[in-house]
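See structure below.
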Amino acid sequence: MSVVEARHVTKRYGEVRALDDVSLVFPEGRFFALLGPSGSGKTTLLRAVAGFVEPEAGEILLDGEDIAHTPAHRRNIGMVFQNYALFPHMSVFDNIAFGLTVRGTSRADARERVHRMLELVRLPGMEQRKPRQLSGGQQQRVALARALVTEPKVLLLDEPLGALDKRLRQEMQIELKQIQRAVGITAIFVTHDQEEALTLSDQIAIINEGKLVQVGAPNEIYENPHSVFAAGFLGDANILRGRVENGIVAVEGAGPVAARGALPPEGSPAVVAVRPEKVRLSAEASAEGVNRIAGRIFQAVFSGTSVTYIIETAVGTQRAFRQNAGERIYGVGEAVVMEWSPEHTVVVEE
Amino acid sequence: MRAETRRRWAIAGLTGPAYLWLTLTIFLPLSAMLWFSFQRKGPFGRHETEFTLKHYEAFFTKDYLQDLTWRSLEMGLQVTVICLILGFPAAYVLAKRIKGRWREALFLLIVLPFWSNALVRIFSWTVVLRPGGVLDSAVQSVFPGAPSIDLADSWSAVIIGLVHSYLPYMILTCYLSLQAIDDSLIEAARSLGASALTILWRIVLPLAIPGLAAGAVLIFVPVIGSFFEPKLLGGTQGVVIGTVIEEQFTVVSNWPLGGALSFILLAIVLLILAVSYPFLKDRMRTA
């Protein structure tokens, strides 16, 4: 198992800073997600680790050794590409064995290892097929087997499940994680899909405009977003803007909102976020000691197990998400009070 | 069913004129020539039509005709191989290394030979290659006292002229195949530990075979039948089967022999394509 570390990595494309002084540790044996919108620089970081992009400044350490300027083919890093990039003129066997034959592994040894890899990705007996005879999911598995067979130090995955349909994607998510754990390899994968990042990874780094926004475990970032961007990109969030008055956030049109954690200094602007599922709805204001906003149901999206409410309030449209656990379902136009506890109110940066 | 019928008519209507034109312009003259090649005499003058195989027999009985055919095949092979060696790297750089405006500019330079008349092109080579010509004077001015360069009326001149004329075909066909190779395939090979040479040998070349083959056919076939380039640049060194065929029509007025030799050449080309087809078909399908 290996540890990868990026130190002050910077890369510009013309005037655009694709990576701006990014420092990040990818811990040993963990599944690490680089999450961000397209053009955020997450792919550039992955490609810098792979060796396809040379950073202008900074270091990329693999087990403590700077590999930022080592050619890609001398790094011993496995990569799974978005479109799988299987060699179309080669059989499944030759595709997987490619990395071995390049290293001069004997034919017999290669056969044995390819066989084991195909068992691992649950495609036994497929050696002689050509890539075009395989389904998308099967091609994905072959690409994974090809990347893992050389026992690389790190596995990189560039939007690995993007081309699969939803059901297959969910299946592959579980399997990918199982395989990663079975092999015990450090994995870094790039995605713009927050759900994928949440379900697959042990650690997430949110990247935006070439900068690191927040790093942490999925639940940590979800419960404690540091910024409006992190709150909105990983999950849904109601954002309220106000000013600190008497140790509480005064939001114009909504009244005082108490929050968890440290507030900015008295008198300065403050932004708080609350997750829609933390919001309770009632017809009238109830208990004391909670935050509340009055509003009117604008839309109620019923999806069987749950209802998502879009509520019009004096501070803009807000959301509430309720499990369908026998609670009353509100109709469009009904007046409601949104209530949530200060504990679920997080102070975030603009 | 009705839509199907209409679609068929549309296909016939759209492709019909082209096929008709091809039939008229290729098939008819060719069959007329085939007819003449089995006649004792050409189309001029009054004589009885008389069927004979003697012009085909001539090829097999006269050694010099076979020798010149070999020479033509050798010329085709040399030109094709040189075009391949020069054209493939150029196409690779164009397809994979250069982007945007520079690529357009380089493309323009590559197809430039197509814009000038073929005869003018060949004549200008005679000016360049003769002793005291452009090349010779250039070398003399840089290295005074260097031995004089005389490539006029030589086999090398023929090859140089033909490579110049046909190189763009190889570059363009290779470019198209190389362009179609996804860059991520090359990156995948790199991440798996392959050096540049291994990638060229195991990924790029096999996937570029359709382009290489198309380029080779487009060059080899016309080059073995070429006549004015060998004649103008090679002089006595440039006698090949193409020039012999040309003389049957323009000088000796022996159309039947010219026709027979043309069809033998055509048969040889078809034979070569037929032999290489199974190998190519296998490669084309997977690429």
Side-chain angles (χ1 to χ4, degrees), chain A residues 43 46-47 49-53 67 70-91 94-105 110 129-133 139 142-160 163, chain B residues 84 88 91-93 95-103 173-216 276-287:
Chain A
T43 307
L46 191 84
R47 291 172 63 79
V49 175
F52 304 138
V53 164
I67 55 160
T70 307
H73 67 279
R74 301 226 185 91
R75 292 192 183 192
N76 198 16
I77 285 175
M79 180 145 172
V80 173
F81 292 79
Q82 193 170 8
N83 59 0
Y84 320 129
L86 296 178
F87 307 129
H89 57 300
M90 294 184 192
S91 65
D94 288 331
N95 262 283
I96 300 175
F98 185 85
L100 298 173
T101 51
V102 161
R103 284 167 172 77
T105 310
R129 301 278 186 96
K130 284 284 170 75
R132 76 192 129 81
Q133 296 170 311
Q139 292 187 26
V142 173
L144 188 63
R146 184 179 67 175
L148 288 173
V149 77
T150 56
E151 292 169 13
K153 292 182 170 173
V154 187
L155 177 65
L156 307 179
L157 305 120
D158 182 10
E159 305 255 1
Chain B
L84 225 141
F88 185 80
Y92 183 81
V93 169
K96 294 288 173 206
R97 291 277 173 268
I98 295 174
K99 309 259 149 88
R101 282 183 165 274
W102 277 104
R103 185 189 277 175
T173 56
C174 284
Y175 173 82
L176 290 177
S177 312
L178 288 169
Q179 178 79 334
I181 300 176
D182 195 330
D183 286 342
S184 65
L185 293 183
I186 293 166
E187 288 179 348
R190 279 175 71 196
S191 75
L192 289 166
S195 64
L197 205 66
T198 309
I199 292 172
L200 176 71
W201 191 243
R202 292 194 54 190
I203 310 291
V204 176
L205 265 177
L207 290 174
I209 283 202
L212 288 166
S276 47
Y277 183 69
F279 164 76
L280 285 176
K281 192 182 75 176
D282 191 42
R283 291 305 188 130
M284 303 269 192
R285 204 185 40 205
T286 52

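Chain A is the first sequence line, chain B the second, and so forth, proteins listed ahead of strands; every chain is numbered from 1.
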Between CG on residue N76(A) and CG on residue L192(B), distance to nearest 0.5 Å:
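Answer for the CG-CG pair, N76(A) versus L192(B), is 10.0 Å.
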Can you tell me which portion of [X] sits under 4.5 Å from chain B's heavy atoms? Options are side chain, backbone, both or neither.
X	answer
A50(A)	neither
N83(A)	side chain
L156(A)	neither
F81(A)	side chain
R103(A)	side chain

Quick check: closest heavy atoms across [X] and [Y], and the distance to 0.1 Å?
X	Y	value
R202(B)	H89(A)	O-NE2, 2.8 Å
F87(A)	L185(B)	CE2-O, 3.3 Å
G51(A)	R190(B)	O-NH2, 3.6 Å
L207(B)	P88(A)	CD2-CG, 3.7 Å

Which residue is it: M79(A), R146(A), R75(A)? I am looking for the one with a side-chain contact (heavy atoms from CB on, under 4.5 Å) to S191(B).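 Running side-chain contact (heavy atoms from CB on, under 4.5 Å) over M79(A), R146(A), R75(A) with S191(B) returns exactly one hit, M79(A).
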Requested in this report: Examine distances only and state if a side-chain atom of H73(A) and a backbone atom of A189(B) form a donor-acceptor pair shorter than 3.5 Å.
Outcome: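 The answer is no, because no donor-acceptor pair under 3.5 Å joins these two groups.
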From the list A194(B), S195(B), A196(B), the residue making the most non-hydrogen contacts under 4.5 Å with chain A is A194(B)
Would you say CZ of R103(B) has more than 12 non-hydrogen atoms from neighbouring residues, nucleotides or ligands within 6.0 angstrom? yes
